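Data first, discussion second: the structure below is written as C-alpha coordinates.
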2 protein chains.
Amino acid sequence: MSYANDMSASTGATSGDAGLASDLRLSVMRLRRRLVAERHPDNDLSIGAMAVLGGLNRYGDMTLGTLAQRERVQPPSMTRIVNCLEEGGHVTRQPSETDRRQVVVALTDKGRKTVLADRARRTEWLAQRLSELTDAERAILRDAAPILERIANE
Amino acid sequence: MSYANDMSASTGATSGDAGLASDLRLSVMRLRRRLVAERHPDNDLSIGAMAVLGGLNRYGDMTLGTLAQRERVQPPSMTRIVNCLEEGGHVTRQPSETDRRQVVVALTDKGRKTVLADRARRTEWLAQRLSELTDAERAILRDAAPILERIANE
DNA sequence: TATTGTTATACTCTATAACTATA
DNA sequence: TATAGTTATAGAGTATAACAATA
(Lines give C-alpha, C1' and ligand atoms only; values in the text may rest on other atoms or scores of the structure.)
Protein backbone atom coordinates (compact mmCIF):
# COMPACT_ATOMS: atom_id res chain seq x y z
CA MET A 1 0.00 0.00 0.00
CA SER A 2 1.31 3.41 -0.90
CA TYR A 3 -0.07 6.79 0.04
CA ALA A 4 2.75 8.79 -1.45
CA ASN A 5 0.41 10.64 -3.80
CA ASP A 6 -2.36 11.20 -1.33
CA MET A 7 -2.33 14.92 -0.69
CA SER A 8 -5.79 15.12 0.78
CA ALA A 9 -4.55 15.34 4.34
CA SER A 10 -2.84 18.64 3.77
CA THR A 11 -4.82 20.24 0.96
CA GLY A 12 -8.39 19.26 1.69
CA ALA A 13 -8.75 18.39 -1.97
CA THR A 14 -8.48 14.84 -3.17
CA SER A 15 -7.81 13.43 -6.57
CA GLY A 16 -8.22 10.05 -8.20
CA ASP A 17 -10.80 7.38 -7.54
CA ALA A 18 -9.82 6.83 -3.92
CA GLY A 19 -10.14 10.52 -3.20
CA LEU A 20 -13.43 10.76 -5.04
CA ALA A 21 -14.74 7.75 -3.18
CA SER A 22 -13.69 9.29 0.11
CA ASP A 23 -15.24 12.67 -0.67
CA LEU A 24 -18.40 11.15 -2.01
CA ARG A 25 -18.80 8.86 0.95
CA LEU A 26 -18.44 11.69 3.45
CA SER A 27 -20.77 13.94 1.46
CA VAL A 28 -23.41 11.26 1.27
CA MET A 29 -23.16 10.50 4.99
CA ARG A 30 -23.43 14.15 6.01
CA LEU A 31 -26.19 14.97 3.57
CA ARG A 32 -28.19 11.98 4.70
CA ARG A 33 -27.89 13.03 8.32
CA ARG A 34 -28.96 16.50 7.36
CA LEU A 35 -31.95 15.16 5.44
CA VAL A 36 -33.02 13.06 8.40
CA ALA A 37 -32.70 16.07 10.69
CA GLU A 38 -34.74 18.25 8.35
CA ARG A 39 -37.60 15.80 8.24
CA HIS A 40 -40.78 17.72 8.74
CA PRO A 41 -41.90 17.31 12.34
CA ASP A 42 -45.58 16.67 11.62
CA ASN A 43 -44.75 13.75 9.37
CA ASP A 44 -45.04 10.70 11.58
CA LEU A 45 -43.69 8.32 8.96
CA SER A 46 -40.02 7.45 8.92
CA ILE A 47 -37.95 8.22 5.86
CA GLY A 48 -37.73 4.51 5.17
CA ALA A 49 -41.50 4.20 5.31
CA MET A 50 -41.93 7.11 2.94
CA ALA A 51 -39.46 5.51 0.55
CA VAL A 52 -41.60 2.40 0.55
CA LEU A 53 -44.72 4.40 -0.24
CA GLY A 54 -42.83 6.14 -3.01
CA GLY A 55 -41.70 2.83 -4.45
CA LEU A 56 -45.22 1.40 -4.39
CA ASN A 57 -46.55 4.53 -6.04
CA ARG A 58 -43.89 4.44 -8.70
CA TYR A 59 -43.67 0.75 -9.48
CA GLY A 60 -46.99 -0.60 -8.27
CA ASP A 61 -47.89 -3.23 -5.68
CA MET A 62 -45.09 -5.48 -4.53
CA THR A 63 -44.53 -8.41 -2.21
CA LEU A 64 -42.89 -7.70 1.09
CA GLY A 65 -39.79 -9.56 0.01
CA THR A 66 -39.43 -7.53 -3.16
CA LEU A 67 -39.81 -4.35 -1.16
CA ALA A 68 -37.11 -5.51 1.24
CA GLN A 69 -34.78 -6.24 -1.66
CA ARG A 70 -35.51 -2.93 -3.33
CA GLU A 71 -34.92 -0.92 -0.18
CA ARG A 72 -31.91 -3.02 0.81
CA VAL A 73 -33.22 -4.02 4.19
CA GLN A 74 -33.76 -7.43 5.73
CA PRO A 75 -37.29 -8.89 5.69
CA PRO A 76 -37.91 -8.31 9.42
CA SER A 77 -37.12 -4.64 8.96
CA MET A 78 -39.57 -4.42 6.09
CA THR A 79 -42.18 -6.21 8.15
CA ARG A 80 -41.88 -3.48 10.75
CA ILE A 81 -42.09 -0.71 8.20
CA VAL A 82 -45.14 -2.30 6.55
CA ASN A 83 -46.77 -2.81 9.97
CA CYS A 84 -46.42 0.89 10.60
CA LEU A 85 -47.81 1.79 7.18
CA GLU A 86 -50.70 -0.64 7.57
CA GLU A 87 -51.61 0.72 11.00
CA GLY A 88 -51.69 4.18 9.48
CA GLY A 89 -53.96 2.96 6.71
CA HIS A 90 -51.43 3.77 4.00
CA VAL A 91 -51.11 0.24 2.66
CA THR A 92 -52.95 -3.06 2.77
CA ARG A 93 -51.56 -6.57 3.12
CA GLN A 94 -52.99 -9.37 1.00
CA PRO A 95 -51.76 -12.93 0.63
CA SER A 96 -50.64 -13.54 -2.92
CA GLU A 97 -53.12 -15.53 -5.00
CA THR A 98 -50.43 -17.64 -6.61
CA ASP A 99 -48.31 -18.28 -3.50
CA ARG A 100 -50.00 -17.79 -0.18
CA ARG A 101 -46.72 -17.48 1.68
CA GLN A 102 -46.16 -14.18 -0.07
CA VAL A 103 -47.69 -10.95 1.10
CA VAL A 104 -48.64 -8.36 -1.49
CA VAL A 105 -48.37 -4.83 -0.19
CA ALA A 106 -50.70 -2.38 -1.92
CA LEU A 107 -51.01 1.37 -1.66
CA THR A 108 -54.37 2.66 -0.42
CA ASP A 109 -55.90 5.91 -1.61
CA LYS A 110 -54.77 7.47 1.62
CA GLY A 111 -51.26 6.14 1.02
CA ARG A 112 -51.23 7.60 -2.46
CA LYS A 113 -52.38 10.93 -1.13
CA THR A 114 -49.67 10.79 1.49
CA VAL A 115 -47.04 10.17 -1.16
CA LEU A 116 -48.15 13.16 -3.18
CA ALA A 117 -48.72 15.49 -0.25
CA ASP A 118 -45.55 14.54 1.56
CA ARG A 119 -43.30 14.51 -1.44
CA ALA A 120 -43.27 18.26 -1.69
CA ARG A 121 -43.00 18.64 2.05
CA ARG A 122 -40.24 16.11 2.50
CA THR A 123 -38.14 17.53 -0.24
CA GLU A 124 -38.88 21.09 0.76
CA TRP A 125 -35.62 21.67 2.56
CA LEU A 126 -33.55 20.03 -0.16
CA ALA A 127 -35.50 21.75 -2.92
CA GLN A 128 -34.84 25.05 -1.17
CA ARG A 129 -31.11 24.30 -1.08
CA LEU A 130 -31.25 23.26 -4.74
CA SER A 131 -32.98 26.47 -5.70
CA GLU A 132 -30.02 28.38 -4.29
CA LEU A 133 -27.64 26.64 -6.67
CA THR A 134 -26.74 27.78 -10.13
CA ASP A 135 -28.35 26.16 -13.15
CA ALA A 136 -25.05 24.47 -13.91
CA GLU A 137 -24.81 23.03 -10.42
CA ARG A 138 -28.36 21.73 -10.58
CA ALA A 139 -27.59 20.16 -13.91
CA ILE A 140 -24.62 18.36 -12.38
CA LEU A 141 -26.80 16.96 -9.59
CA ARG A 142 -29.49 15.99 -12.09
CA ASP A 143 -26.85 13.95 -13.91
CA ALA A 144 -25.39 12.62 -10.68
CA ALA A 145 -28.59 11.39 -9.02
CA PRO A 146 -29.19 8.41 -11.33
CA ILE A 147 -25.53 7.42 -11.13
CA LEU A 148 -25.67 7.42 -7.33
CA GLU A 149 -28.88 5.42 -7.53
CA ARG A 150 -27.26 2.91 -9.84
CA ILE A 151 -24.27 2.51 -7.54
CA ALA A 152 -26.54 2.06 -4.53
CA ASN A 153 -28.54 -0.62 -6.31
CA GLU A 154 -25.59 -2.57 -7.65
CA MET B 1 -50.64 22.71 -3.97
CA SER B 2 -50.75 21.32 -7.45
CA TYR B 3 -49.25 18.13 -8.74
CA ALA B 4 -50.69 18.37 -12.22
CA ASN B 5 -47.26 18.32 -13.81
CA ASP B 6 -45.82 15.60 -11.62
CA MET B 7 -45.37 12.65 -13.93
CA SER B 8 -42.95 10.76 -11.73
CA ALA B 9 -45.57 8.35 -10.49
CA SER B 10 -46.12 6.86 -13.87
CA THR B 11 -42.85 7.41 -15.70
CA GLY B 12 -40.22 6.83 -13.06
CA ALA B 13 -38.48 9.96 -14.27
CA THR B 14 -38.88 13.25 -12.50
CA SER B 15 -38.29 16.75 -13.66
CA GLY B 16 -37.93 20.08 -11.94
CA ASP B 17 -36.49 20.84 -8.53
CA ALA B 18 -39.04 18.86 -6.57
CA GLY B 19 -38.33 15.80 -8.66
CA LEU B 20 -34.60 16.29 -8.42
CA ALA B 21 -34.83 16.75 -4.68
CA SER B 22 -36.88 13.58 -4.39
CA ASP B 23 -34.52 11.54 -6.56
CA LEU B 24 -31.44 12.88 -4.87
CA ARG B 25 -32.83 12.24 -1.41
CA LEU B 26 -33.67 8.63 -2.21
CA SER B 27 -30.31 8.06 -3.90
CA VAL B 28 -28.45 9.47 -0.95
CA MET B 29 -30.43 7.39 1.53
CA ARG B 30 -29.92 4.16 -0.38
CA LEU B 31 -26.26 4.78 -1.11
CA ARG B 32 -25.60 5.58 2.53
CA ARG B 33 -27.25 2.36 3.63
CA ARG B 34 -25.18 0.48 1.11
CA LEU B 35 -21.99 2.15 2.30
CA VAL B 36 -22.77 1.25 5.90
CA ALA B 37 -23.45 -2.34 4.88
CA GLU B 38 -20.20 -2.55 2.93
CA ARG B 39 -18.11 -1.40 5.87
CA HIS B 40 -15.11 -3.64 6.15
CA PRO B 41 -15.71 -6.16 8.92
CA ASP B 42 -12.25 -5.91 10.54
CA ASN B 43 -12.63 -2.18 11.01
CA ASP B 44 -13.91 -1.78 14.55
CA LEU B 45 -14.50 1.96 14.22
CA SER B 46 -17.90 3.24 13.20
CA ILE B 47 -18.24 5.33 10.08
CA GLY B 48 -18.95 8.34 12.25
CA ALA B 49 -15.76 7.74 14.22
CA MET B 50 -13.75 7.44 11.04
CA ALA B 51 -15.26 10.68 9.78
CA VAL B 52 -14.05 12.37 12.94
CA LEU B 53 -10.53 11.02 12.46
CA GLY B 54 -10.64 12.22 8.87
CA GLY B 55 -11.73 15.67 9.93
CA LEU B 56 -8.98 15.93 12.54
CA ASN B 57 -6.43 14.75 10.00
CA ARG B 58 -7.64 17.23 7.44
CA TYR B 59 -8.30 20.32 9.53
CA GLY B 60 -6.20 19.71 12.63
CA ASP B 61 -7.09 19.47 16.31
CA MET B 62 -10.54 20.66 17.29
CA THR B 63 -12.64 21.06 20.39
CA LEU B 64 -15.33 18.50 20.99
CA GLY B 65 -17.99 21.11 20.35
CA THR B 66 -16.50 22.08 17.01
CA LEU B 67 -16.34 18.44 16.01
CA ALA B 68 -19.98 17.99 16.96
CA GLN B 69 -20.96 21.00 14.86
CA ARG B 70 -18.88 19.86 11.91
CA GLU B 71 -20.31 16.34 11.96
CA ARG B 72 -23.82 17.59 12.65
CA VAL B 73 -24.34 15.57 15.79
CA GLN B 74 -25.25 16.67 19.30
CA PRO B 75 -22.46 17.03 21.87
CA PRO B 76 -23.39 13.85 23.80
CA SER B 77 -23.08 11.85 20.60
CA MET B 78 -19.67 13.33 19.94
CA THR B 79 -18.64 12.56 23.51
CA ARG B 80 -19.44 8.93 22.84
CA ILE B 81 -17.54 8.87 19.58
CA VAL B 82 -14.51 10.55 21.13
CA ASN B 83 -14.64 8.13 24.10
CA CYS B 84 -14.44 5.28 21.67
CA LEU B 85 -11.56 6.87 19.76
CA GLU B 86 -9.69 7.69 22.97
CA GLU B 87 -10.06 4.14 24.27
CA GLY B 88 -8.62 2.91 21.01
CA GLY B 89 -5.67 5.29 21.34
CA HIS B 90 -6.59 7.15 18.17
CA VAL B 91 -7.08 10.54 19.80
CA THR B 92 -6.20 12.35 23.02
CA ARG B 93 -8.33 14.71 25.10
CA GLN B 94 -6.77 17.85 26.56
CA PRO B 95 -8.46 20.72 28.34
CA SER B 96 -8.05 23.90 26.31
CA GLU B 97 -5.45 26.27 27.68
CA THR B 98 -7.57 29.33 27.08
CA ASP B 99 -10.91 27.93 28.27
CA ARG B 100 -10.75 24.94 30.52
CA ARG B 101 -14.33 23.98 29.88
CA GLN B 102 -13.37 23.09 26.35
CA VAL B 103 -11.79 19.79 25.41
CA VAL B 104 -9.31 19.75 22.56
CA VAL B 105 -9.35 16.50 20.66
CA ALA B 106 -6.05 15.68 18.98
CA LEU B 107 -5.07 12.91 16.61
CA THR B 108 -2.37 10.55 17.84
CA ASP B 109 0.19 8.95 15.56
CA LYS B 110 -1.85 5.80 15.72
CA GLY B 111 -4.95 7.76 14.79
CA ARG B 112 -3.20 9.29 11.83
CA LYS B 113 -2.01 5.90 10.70
CA THR B 114 -5.54 4.60 11.04
CA VAL B 115 -6.86 7.40 8.85
CA LEU B 116 -4.38 6.65 6.11
CA ALA B 117 -4.61 2.88 6.30
CA ASP B 118 -8.38 2.78 6.59
CA ARG B 119 -9.11 5.36 3.96
CA ALA B 120 -8.25 3.02 1.15
CA ARG B 121 -10.01 0.14 2.81
CA ARG B 122 -13.16 2.04 3.69
CA THR B 123 -13.58 3.43 0.23
CA GLU B 124 -12.66 0.16 -1.42
CA TRP B 125 -16.19 -0.84 -2.27
CA LEU B 126 -17.17 2.59 -3.51
CA ALA B 127 -13.91 2.99 -5.42
CA GLN B 128 -14.59 -0.35 -7.06
CA ARG B 129 -18.06 0.82 -8.11
CA LEU B 130 -16.56 4.08 -9.35
CA SER B 131 -13.98 2.26 -11.41
CA GLU B 132 -16.81 0.55 -13.26
CA LEU B 133 -18.22 3.89 -14.39
CA THR B 134 -17.27 5.72 -17.53
CA ASP B 135 -14.90 8.66 -17.37
CA ALA B 136 -17.81 10.98 -18.02
CA GLU B 137 -19.81 9.54 -15.16
CA ARG B 138 -16.89 9.82 -12.79
CA ALA B 139 -16.43 13.41 -13.88
CA ILE B 140 -20.05 14.12 -13.02
CA LEU B 141 -19.63 12.67 -9.55
CA ARG B 142 -16.37 14.56 -9.07
CA ASP B 143 -18.29 17.75 -9.80
CA ALA B 144 -21.25 16.67 -7.69
CA ALA B 145 -19.40 15.69 -4.51
CA PRO B 146 -18.45 19.22 -3.42
CA ILE B 147 -21.96 20.46 -4.20
CA LEU B 148 -23.47 17.76 -2.02
CA GLU B 149 -20.96 18.59 0.67
CA ARG B 150 -21.88 22.24 0.49
CA ILE B 151 -25.59 21.48 0.75
CA ALA B 152 -24.98 19.20 3.72
CA ASN B 153 -22.98 21.86 5.52
CA GLU B 154 -25.36 24.72 4.87
C1' DT C 1 -25.93 33.38 34.47
C1' DA C 2 -24.30 31.31 30.33
C1' DT C 3 -21.54 27.84 28.14
C1' DT C 4 -18.83 23.32 27.46
C1' DG C 5 -18.88 18.93 28.00
C1' DT C 6 -20.57 14.56 30.49
C1' DT C 7 -23.84 11.24 32.39
C1' DA C 8 -28.23 9.00 32.42
C1' DT C 9 -31.78 7.48 29.80
C1' DA C 10 -34.70 6.48 25.95
C1' DC C 11 -35.85 6.20 21.11
C1' DT C 12 -35.31 4.77 16.14
C1' DC C 13 -33.78 1.84 12.88
C1' DT C 14 -31.64 -2.19 11.75
C1' DA C 15 -29.94 -6.96 12.17
C1' DT C 16 -29.74 -12.10 13.42
C1' DA C 17 -32.02 -16.25 15.16
C1' DA C 18 -35.88 -18.93 15.90
C1' DC C 19 -40.47 -19.83 14.46
C1' DT C 20 -44.98 -20.51 11.51
C1' DA C 21 -47.20 -21.32 7.24
C1' DT C 22 -47.12 -22.53 2.87
C1' DA C 23 -44.80 -24.69 -1.28
C1' DT D 1 -36.90 -29.72 2.51
C1' DA D 2 -36.97 -24.97 1.05
C1' DT D 3 -39.04 -20.41 1.02
C1' DA D 4 -41.87 -16.05 2.64
C1' DG D 5 -42.84 -13.69 6.24
C1' DT D 6 -43.23 -12.91 11.41
C1' DT D 7 -41.82 -12.67 16.24
C1' DA D 8 -38.37 -12.11 19.72
C1' DT D 9 -34.35 -10.08 20.91
C1' DA D 10 -30.18 -7.40 20.62
C1' DG D 11 -27.07 -3.84 18.95
C1' DA D 12 -25.59 0.60 16.87
C1' DG D 13 -26.22 5.30 16.71
C1' DT D 14 -28.57 9.17 17.96
C1' DA D 15 -31.31 12.43 20.85
C1' DT D 16 -33.11 15.02 25.02
C1' DA D 17 -32.75 16.18 29.95
C1' DA D 18 -30.25 16.81 33.96
C1' DC D 19 -25.86 17.72 35.78
C1' DA D 20 -20.79 19.41 36.75
C1' DA D 21 -17.20 22.49 35.87
C1' DT D 22 -15.70 26.71 34.19
C1' DA D 23 -16.32 31.42 32.27
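Labels below follow one simple rule: chain letters A, B, ... track the order of the sequence lines, proteins then strands, and each chain is numbered from 1. None of the values given here were measured: they were computed from a predicted structure.
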Open item on the list: Strictly distance-based, threshold 3.5 Å: is any side-chain N or O of Lys113(B) a donor or acceptor partner for the main-chain N or O of Thr108(B)?
Closed with: no

Task: Salt-bridge criterion met for Asp143(A) and Arg150(A) (N-O under 4.0 Å) - done: no

Please report, rounded to the nearest Å, how far the [atom2] atom of [N] is from the [atom1] atom of [X].
| X | N | atom1 | atom2 | result |
| --- | --- | --- | --- | --- |
| Arg32(B) | dA12(D) | CZ | P | 15 Å |
| Gln102(A) | dT6(D) | CD | P | 12 Å |
| Leu45(A) | dT12(C) | CG | C1' | 14 Å |
| Arg93(A) | dA4(D) | CZ | P | 16 Å |
| Leu64(B) | dT6(C) | CG | C1' | 9 Å |
| Ile81(A) | dT14(C) | CD1 | C1' | 9 Å |
| Leu67(B) | dG5(C) | CG | C1' | 13 Å |
| Met50(B) | dA12(D) | CE | C1' | 17 Å |

TODO: For the pair Leu141(B) and Leu133(B), evaluate side-chain contact (heavy atoms from CB on, under 4.5 Å) and give the outcome as yes or no after the intermediate values.
DONE: CA-CA 10 Å; Leu141(B) 294 186; Leu133(B) 300 176; 3.7 Å; yes

To the closest 0.5 Å, what do you measure between [atom1] ([X]) and [atom2] ([Y])?
| X | Y | atom1 | atom2 | value |
| --- | --- | --- | --- | --- |
| Ile140(B) | Thr134(B) | CD1 | OG1 | 7.0 Å |
| Arg30(B) | Arg32(A) | CZ | CZ | 14.0 Å |
| Leu148(A) | Arg129(B) | CG | CZ | 14.0 Å |
| Arg58(B) | Leu107(B) | CZ | CG | 13.0 Å |

Open item on the list: Does dG5(C) have its OP1 or OP2 closer than 4.0 Å to a side-chain nitrogen or oxygen of Thr79(B)?
Closed with: no

Open item on the list: So, applying salt bridge (charged side-chain N to carboxylate O under 4.0 Å, His left out) with Glu86(A), which one of Arg93(A), Arg80(A), Lys110(A) is it?
Closed with: Arg93(A)

Task: Degree of bending in the helix from dT1(C)-dA23(D) to dA23(C)-dT1(D) once both end axes are built from five pairs, to 10° - done: 10°

TODO: Spell out protein contact along nucleotides 15-23 of chain C as letters: B when the base is contacted, S when just the sugar-phosphate is, - when no protein heavy atom is under 4.0 Å; keep the 5' to 3' order.
DONE: BBB---BBS

Task: Candidates Thr63(A), Asn83(A), Leu67(A) - the one meeting side-chain contact (heavy atoms from CB on, under 4.5 Å) with Met78(A) - done: Leu67(A)

Task: Shortest side-chain distance from Thr63(B), nucleotide among dG5(C), dT14(C), dG5(D) - done: dG5(C)

